[in-house]
Structures are given as C-alpha cells and as structure tokens.
Amino acid sequence: MSLQIPDDRTPDGKPESEQPQWRRDFPIDWPEDNYISRRDFTRFLVLTSFAFAVGQTWILAMGSMGRGEDRQGRELVASVDDIPEGGAKTFTIKGTKEPFLLVRMSENTFVAYGQKCTHLSCPLIPQPEMGRLYCPCHEGAFDLQTGHPMMGPPRRPLPRVRLEISGNKVYATGVEDHRL
Amino acid sequence: MPVPEHLEFFIDPNRCIGCQACVQACAECDTHRGYSMIQLDYIARSESPQTVPIVCMHCESPTCAEVCPADAVKRTEDGVVQSARKPRCIACNNCVLACPFGVPKMETPMELMMKCDMCYDRTSVGKKPMCASVCPSQALFYGARDQIERQRPRSRPIHRFLFGRQIIVTKVHLMVPFESPVAPMDVIAAFRETVIGHVFGPNFSAETMVGGGK
C-alpha cells in the first residue's frame with residue numbers, strides 16, 4: 001500500500017527525523033498526538049487536589065482515633081533487681097506495638113516514657129548520667145524527670161507511663177499521652 | 001479498529017451518471033450527523049451532463065491538516081483524515097480554502113469543519129462507505145484492487161496529483177483511461193483553460209459579465 005512510502009507523508013519529502021521541531025510537537029497522525037486540552041488539565045488538577053484533600057482528612061481521622069486514651073489496668077514491666085541503677089529496659093504494653101523505655105534513675109526512682117522521639121519517631125537513647133533521653137537523629141533531647149523536650153527539633157513531650165512499685169516488681173498502670 | 005488494508009476506495013468519474021444517490025446516502029452516515037459530505041460537480045454544464053463526485057482523497061500529507069492553526073485535523077493510523085476535532089476547531093476556514101480537491105466543509109451552525117471521513121464508523125468494521133454502497137454505476141467503488149482491475153481492464157488507478165508545485169499522494173485512487181499519460185494529474189489545470197459556458201474561474205471578471213464578453 002502507498003502508505004508505506006514514508007517520504008510522501010511530509011510536504012517537503014524529507015524523512016520525519018529531519019523535520020523541524022514544531023512538526024514533531026504537532027503531529028498530524030492521531031496516535032502520536034499527545035496534546036492535552038485545557039479541560040483535561042483542569043480535570044487532572046481538580047481530581048488530584050480532591051485526592052490530596054481526602055488523604056489529609058483520612059490521616060487526620062486516623063490520628064484522632066487513638067488520641068488521649070488513658071490505658072488502665074496493671075501490667076508487670078520488670079522486677080527491680082533486673083535493672084541496675086542508671087540502667088534501662090525497653091518494654092511494650094499489651095495491646096500496642098509502641099516501644100516504651102523504663103529507666104532507673106536512682107535506687108527508688110523509676111521513670112518510663114515512650115521510646116519514639118516526638119519529632120520523627122527515632123528511638124531514644126537513655127542517658128541518665130546527663131539526665132536526659134537523647135535522640136541521635138537530629139540532636140534532640142528530653143528531660144528524664146518530666147519527659148519535656150530540652151533541645152533540638154522536638155516540641156512535644158513524650159508520653160509518660162505511670163508506674164507503681166509494689167514489693168520487688170514494677171508495674172505500669174497507664175499512659176499519659178500528650179500528643180497534640 | 002482500523003480500516004482493513006486490502007480494501008481501497010476508487011473514484012471512476014467516467015461512470016458517474018449524476019444521480020445524486022451518493023449525496024443523499026452520505027447524509028445518512030452516522031458520523032456525518034445528517035450533513036452530506038459529498039458534492040457532485042458538473043464539469044461544463046452547458047456542454048455536457050458529465051458530473052464528478054468529490055469525496056476526500058485522504059492525502060498522505062494532508063494539506064488541510066498542514067494549514068490548521070489549531071492542530072484540529074488528525075489522521076488515524078489507517079490513513080483516514082478525520083473531521084476536525086470539536087474541542088479544537090476554531091472554524092477559521094483555512095482547511096476549506098487550502099484543500100486542493102475542495103473537500104472540507106465548514107458547518108457554520110456547529111462552528112466545525114466536517115469532511116468525508118470515508119464513513120469511519122462503517123469502514124472501520126469492514127463495511128463499505130455509504131456512497132459506495134449505493135452508487136448504481138459503481139463510479140464510487142470500495143473494494144479490493146484485484147477486483148477492480150479485473151472488472152475494468154480499460155482503466156487504471158492513479159493516486160499522484162500535481163497541485164501547483166506540490167505533489168500530492170493520496171490513499172483514494174482515481175480511475176483514468178488506461179492509455180492516458182497523466183501521472184501525476186494536475187488538479188488545477190482547468191484554471192488555466194479558457195472558460196466555457198458559465199463556469200466561474202480566475203478568467204471570470206466583472207468586465208466579462210457587464211460586457212457580456214467572451
């Protein structure tokens with residue numbers, strides 16, 4: 001068929017590769033035509049913004065579901081003899097996957113906080129000798145006494161675990177979550 | 001689905017009897033929305049009843065698409081040049097003026113250029129175009145090449161035309177007498193001939209009209 005003569009498809013008879021750029025930008029053949037009309041572009045913009053809005057709403061909804069919930073009940077965390085003075089132990093509370101950190105500050109003082117930095121969720125390193133929990137990711141630190149941020153990017157305090165010591169055992173009785 | 005490659009369109013003006021059947025049938029094609037895309041031209045009405053049906057020749061390098069400032073005239077993969085795309089057509093009439101064969105038509109109420117698209121809804125599923133299916137003398141023939149060569153041994157198909165200095169190669173073929181030397185055929189040769197009868201051409205001027213001239 002005559003369609004296979006490539007040189008006849010352009011007015012000057014030169015092959016497609018030697019044609020000027022505008023001819024390739026505005027091809028006559030339908031399959032090569034990638035022109036996007038204003039309406040298509042507007043539709044793309046509207047649908048994409050809608051998808052973003054839905055996504056943000058979903059994130060907000062998921063975030064607000066577990067907020068501020070005080071866990072009740074007693075749960076065994078460790079026995080006092082397990083942890084030396086200035087030592088620490090990670091643990092989880094039943095029903096969550098969040099890691100928590102138990103630190104023995106002095107002989108009778110125990111504190112426990114969430115181990116995730118409130119900036120970008122890096123695990124914290126306990127530094128009881130400096131009285132802080134240190135985040136190596138962005139040089140952040142939290143006060144070991146209160147769980148409030150001391151330096152670096154974090155702005156929110158750590159969730160604090162309420163502890164109860166009876167006899168030789170350390171129990172967690174609840175989590176005070178200060179998440180915004 | 002593309003138009004099958006072995007089926008081709010042949011125009012044989014020698015056989016045209018001017019019955020207007022193609023003109024009527026064309027309007028019934030679904031892609032033409034009730035508008036007829038064919039016009040039946042009289043060669044020299046005072047001299048002869050000879051008519052020529054004008055359908056789109058579907059050029060390899062379509063002049064209508066070349067001149068379109070809005071990038072609206074497109075050709076599908078099977079070489080069929082389609083009507084202007086409605087979202088783009090700006091009804092500027094460039095294609096109507098540029099086409100060597102005078103095929104595109106401006107449908108002013110719709111502000112859209114419409115042209116013969118070889119009844120794309122029919123040919124793309126293997127049927128004949130409306131005009132070829134009704135033509136009683138088969139001046140408009142749609143079918144395989146070997147069939148027309150067998151049926152009309154005294155004609156041969158040509159598909160190269162001269163328009164000024166531009167050589168136009170077309171998908172649709174024109175049947176010419178077998179011995180005739182034309183190749184390529186000059187589309188605008190008639191413009192340079194002496195005007196016969198009342199045909200309007202470049203030779204026509206107000207002077208000839210007033211003076212009752214030639």
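Computation of the quantities below employed the complete heavy-atom set of this structure, encompassing side-chain atoms and omitting hydrogens, waters and symmetry-equivalent molecules. Chain identifiers are assigned alphabetically (A, B, ...) following the order of the sequence lines, protein sequences preceding nucleic acid strands; residue numbering begins at 1 within each chain.
Only the side chain of R85(B) comes within less than 4.5 Å of a heavy atom in chain A; its backbone stays farther off. Contact annotation for R23(A): only side-chain heavy atoms (C-beta onward) come within less than 4.5 Å of a heavy atom of chain B. Of the atoms belonging to Q166(B), not a single heavy atom falls under 4.5 Å from chain A.
Relative ring orientation between H159(B) and H173(B) is described as parallel, the plane-to-plane angle staying below 30° on a 0-90° scale split at 30° and 60°.
In this structure, a donor-acceptor pair under 3.5 Å is present between the side chains of Q82(B) and T76(B). A donor atom on one side chain and an acceptor atom on the other are not found under 3.5 Å apart for T170(B) and E60(B).
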Under 3.5 Å, which donor-acceptor pairs link side chains of residues 29-36 of chain B to any protein atom two or more places apart or in another chain?
unit_1	atom_1	unit_2	atom_2	d
T31(B)	OG1	D117(B)	OD1	3.4
T31(B)	OG1	D117(B)	OD2	3.2
H32(B)	ND1	C26(B)	O	3.0
H32(B)	NE2	D117(B)	OD1	2.8
S36(B)	OG	V23(B)	O	2.7

